[in-house]
Colleague: 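Once you've had a glance at the structure underneath, I'll fire off some questions.
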Amino acid sequence: MLVISIIFILSTIRMLRVIKKATVTVKSISEGDLTARVNYKSKDELGQICTQVNEMASSLENSFEEKDRTEKFYYKFVPEKFREYLGKNKLTVLSLGDASNRELTVLFTDIRSFSINSEMMTAKENFAFANTIYGKAGPIVRAHNGFIDKYIGDAVMALFENADDAVAAGIDLYKVIVHDSETARELKVSDINIGIGI
């Protein structure tokens, strides 16, 4: 009888420890730690509960990772500034009809003679050429409080709240892309020219 009582007590203590581990894990998950897992491998009822908790955590982790990937994907096509202008905390909460009026200055810049030059390049060289220009344009636009709205082939469209910032960005774009011979050398061309419209 004493042996049965000891086994029952030890079994109960073991069960309570596992339940406590599962409770702590569920609390961690509810507080945002989606990597939390219960380390219990038994095939008994407690093991099944722990397995379900772990599967729930994995499912939530995968869902949130997918949500983050979706959000990042949207940011590739919709500037985050638009989200801010609409007063939304995430792009995924935008609804049809969400709108905001704002006066902005638009800056367009395109690579002169790009179509002619691109015919002599491979697709990979075309991408490298355009991405070199885009890689220089983006930081300049941001440095002057603007943001890129879109890339259109060899052109860049940027938006600014202040017209003077757009003009300053246009001047710097011209200096860096046209006047700095390093850009032409990087692009493996003798010279490069861009058009800028504000």
Colleague: To the nearest 0.5 Å, what is the distance between CD on E161 and OG1 on T105?
Modeller: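 One gets 9.5 Å once the value is rounded to the nearest 0.5 Å.
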Colleague: Out of the candidates I194, I148, D149, only one should pair with V156 under the side-chain contact (heavy atoms from CB on, under 4.5 Å) rule; please name it.
Modeller: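 Of the listed residues I194, I148, D149, the side-chain contact (heavy atoms from CB on, under 4.5 Å) partner of V156 is I148.
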Colleague: At what distance, to the nearest 0.5 angstrom, does CD of E55 lie from CG of L60?
Modeller: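 So the gap between those two atoms works out to 12.0 Å.
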Colleague: How long is the gap from OG1 on T122 to CZ on F129, to the nearest 0.5 Å?
Modeller: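 That separation rounds to 12.5 Å.
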Colleague: Kindly state each residue pair satisfying side-chain hydrogen bond (donor to acceptor under 3.5 Å, both in side chains) with at least one member in residues 24-37, sequence neighbours excluded.
Modeller: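 Sorted result for residues 24-37: K27-E31, D33-T35, R37-S58, R37-E61.
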Colleague: Does F127 belong to the same Ile/Leu/Val/Met/Phe/Trp/Tyr cluster as I152, with side-chain heavy atoms less than 4.5 Å apart forming each link?
Modeller: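 In one cluster with F127: I152, no.
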Colleague: Kindly compute the distance separating CG (D110) from CG (N193), expressed to the nearest 0.5 Å.
Modeller: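 Spacing of CG (D110) from CG (N193) equals 9.5 Å.
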Colleague: For a quick test of your reading: what N or O donor-acceptor pairs under 3.5 Å do the side chains of residues 165-179 make, sequence neighbours left out?
Modeller:
unit_1, atom_1, unit_2, atom_2, d
D165, OD2, N145, ND2, 3.2
D172, OD2, H144, NE2, 2.6

Colleague: What ring pair (Phe, Tyr, Trp, His ring centres under 6.0 Å) pairs are there with at least one residue in residues 18-37, not counting sequence neighbours?
Modeller: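 Counting only pairs at least two positions apart or across chains, no ring pair (Phe, Tyr, Trp, His ring centres under 6.0 Å) contact touches residues 18-37.
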Colleague: At what distance, to the nearest 0.5 angstrom, does OH of Y151 lie from CG of N131?
Modeller: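 Interatomic distance, Y151 OH to N131 CG, rounded to 0.5 Å: 8.5 Å.
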Colleague: Is there a path of hydrophobic side-chain contacts, each under 4.5 Å between heavy atoms of I/L/V/M/F/W/Y residues, joining V141 to I198?
Modeller: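 Yes, because I198 and V141 connect within a single hydrophobic cluster, where side-chain heavy atoms sit under 4.5 Å apart.
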